[in-house]
Amino acid sequence: MKEHTPSKKPMYYYAIIAMIALLLLNAFVFPSLMQNEVKEVSYNEFLKLIDSGKINEVSRDDATQTITFTSLDGDKTLYYKTGIWPDDTLVSRLDSAGVKFTASIPTQANPLMTFLISWMLPILIFVALGQFLMKRMQNGMPGGVGNALSFGKANAKIYVEAQTGKTFNDVAGQDEAKEALLEIVDFLHNPDRYADIGAKLPKGALLVGPPGTGKTLMAKAVAGEANVPFFSISGSAFVEMFVGMGAAKVRDLFSQAEQKAPCIVFIDEIDTIGKKRDNVMGGNDEREQTLNQLLTEMDGFDARKGVVILAATNRPDSLDPALLRPGRFDRRIHVELPDLKGRTDILKVHARSVKISESVDFEAVARATSGASGADLANIINEAALRAVRMKRDIVEQADLEESVEVVIAGYARKNAVISPKEKRIVAYHEIGHALVAAKQTESAPVHKITIVPRTSGALGYTMQIDENEHYLMTREEAENKIATLTGGRAAEETVFGTITTGASNDIEQATRIARAMVVRYGMSDAFGMVALECNSNPYLSQDGAMTCSSDTAARVDAEVIAIVDRSHQRARQILKENEVALHKLAEHLLERETITGEEFMQLLKDVSPEIPAAVIA
Ligand code: ADP
Ligand code: MG
Ligand code: ZN
């Protein structure tokens, strides 16, 4: 990474010189300039001077055992110093000579001058310097801006890397994300082609995903693939800066980028500046200013010039909605934790840079590291190489990898990211339970994807169903099927393991909500019919309304809700019992692959039990 340093001497260079010069002046030159010459005399001479009436003022300092005094010579004051003599008569002697006896004699001439020079001058110089810097910062001279800003914070740099040295070759797996980024690469290659036809590419794309999944790496790879400059700055760098610097820096970043177009501007950890703005007192003004400036710049510049803004975050939910509006970061690219194949590929990519035995089984390592991120895997390879060196070998062996998996995983196990094989098995059956119940019912949305790769949300796996058409109405059967599908996960755990886990909490919540809505809002229960038992006074506040019935009725509602969920649960169990062969086969397959598509699922299901309702094989 090459740091962007302006060719001229940076501003802080001068500032530091000025500061050092001032300090030196203050410490050595000013005091001696100001100090009057003090003559040392003997005590004897001092007494003589008193008697001759030439002494003007006397002061005694017991700490240093000295007496300082002044004597008038014409209209000039002379300064003297002498040692203290144990002399009881001194006071009366001074009295009779009419000498003023003071606590201290100013040995520095003209206190006002002193004050001006040693205090006001430095302040004036600093103020002037500050003004000068601000001017240079604001006048928009590209060189000057960079210079002035370097003053802000040593590590708040703008990086220009003509070549990041990374390509998509260095990024394993993440095919969906890569595909989305390929369009950006193409745009950077031929901005004119897009401009000619009048097409506007999104100005910004947001890479979203857990830490260590290769978001930064991918942004660099885009720059490398497109062969364009790469301006990168981390969100936290903005916040660390002086007040007003963040906004100025954003301005500078974009003005530089526009000159270098086509290029990529990459804002890492954008959540640090892009957090939701609030009106709470004591909000971070600096951050808000920076964010506002970023929004302004994004709106202001012309995307057709070929500046693409990428940003990365692992907390998309905390971003200010203004950042996600059209014309800003309106495209989201999800980067998830890698599945088995992804992990195998990542291990292979990183193994390229170490000497590794031909016989190493990457898949076995990948299998043992479910839940690990790309960064974890890169770390595993490196740890293995370190171990090989410790073992005085010149090549990495399988044993090194296995050992380092344990080291690295033990570190992560605490973070709960890596799931034990036993738990993984339960999760696989749970998810297939959902999917099978969904598939075996009519009026149920087709299964789109099943995965047991843990999600950022904390979910250990999920089954995604997608309707071909958007639905605005839900029939009673659909509602009941949905509940049955939700209970399918737990039902599978019961059927296969004879025990139940906490993994169904979210399913339970959703199933209950649907069942309750059926009773109190949709008039879908035989017990009550079309009676509204709940009113929702403020639809924006919450989904749950207030019950508008007697507590007696409320108790009956509860019973009805329980009955509905229970009926569906029974049905889910029934379905899984009837399809136990398919359940095992599919779960084992999912366990093997970690992610399977809806088509794969349907194909396998058809192989096992050919009598699936036609409606679901979509
Ligand atoms: P993030 O920005 O998402 O936190 P990084 O891009 O900083 O993650 O990834 C850290 C390191 O992990 C990378 O430098 C790379 O070595 C490794 N890594 C992560 N994901 C991948 C991947 N998909 N392929 C290859 N290496 C990866
Ligand atoms: Mg990163
Ligand atoms: Zn579930």
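Both counts, for ligands and for their atoms, begin at 1 and track the order of listing. Reckoned from all heavy atoms, side chains included, excluding hydrogens, waters and symmetry mates.
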Minimum-distance protein heavy atom relative to atom 23 (N) of ligand 1: Ala172 O, 2.8 Å
Close approach, Gly173 and ligand 1, non-hydrogen under 4.0 angstrom: no
Contact check, Gly212 vs ligand 1, heavy-atom distance below 4.0 Å: yes
Identity and separation of the nearest protein heavy atom to atom 18 (N) of ligand 1: Gly374 C, 3.6 Å
Atom 12 (O) of ligand 1: the protein heavy-atom neighbour that sits closest, reported with distance to 0.1 Å: Ala375 CA, 3.1 Å
Any N/O pair Gly214/ligand 1 closer than 3.5 Å: yes
Which segment of Val171 sits under 4.0 Å of ligand 1 when only heavy atoms are counted: both
Glu431 backbone or side-chain N/O/S under 2.8 Å from the Zn ion (ligand 3): no
Contact partition for Met218 relative to ligand 1, non-hydrogen atoms under 4.0 Å: neither
Any Asp170 heavy atom less than 4.0 Å to ligand 1: yes
Between Asp252 and Gln256, a side-chain donor and acceptor under 3.5 Å: yes
Closest protein heavy atom (residue, atom, distance) for atom 26 (N) of ligand 1: His350 NE2, 2.8 Å
For atom 6 (O) of ligand 1, the protein heavy atom that lies nearest, with its residue and separation: Leu217 N, 2.9 Å
Test item: side-chain donor near acceptor, Gln289 and Gln293, under 3.5 Å: no
Atom 2 (O) of ligand 1: nearest protein contact (heavy atom, Å): Thr216 OG1, 2.6 Å
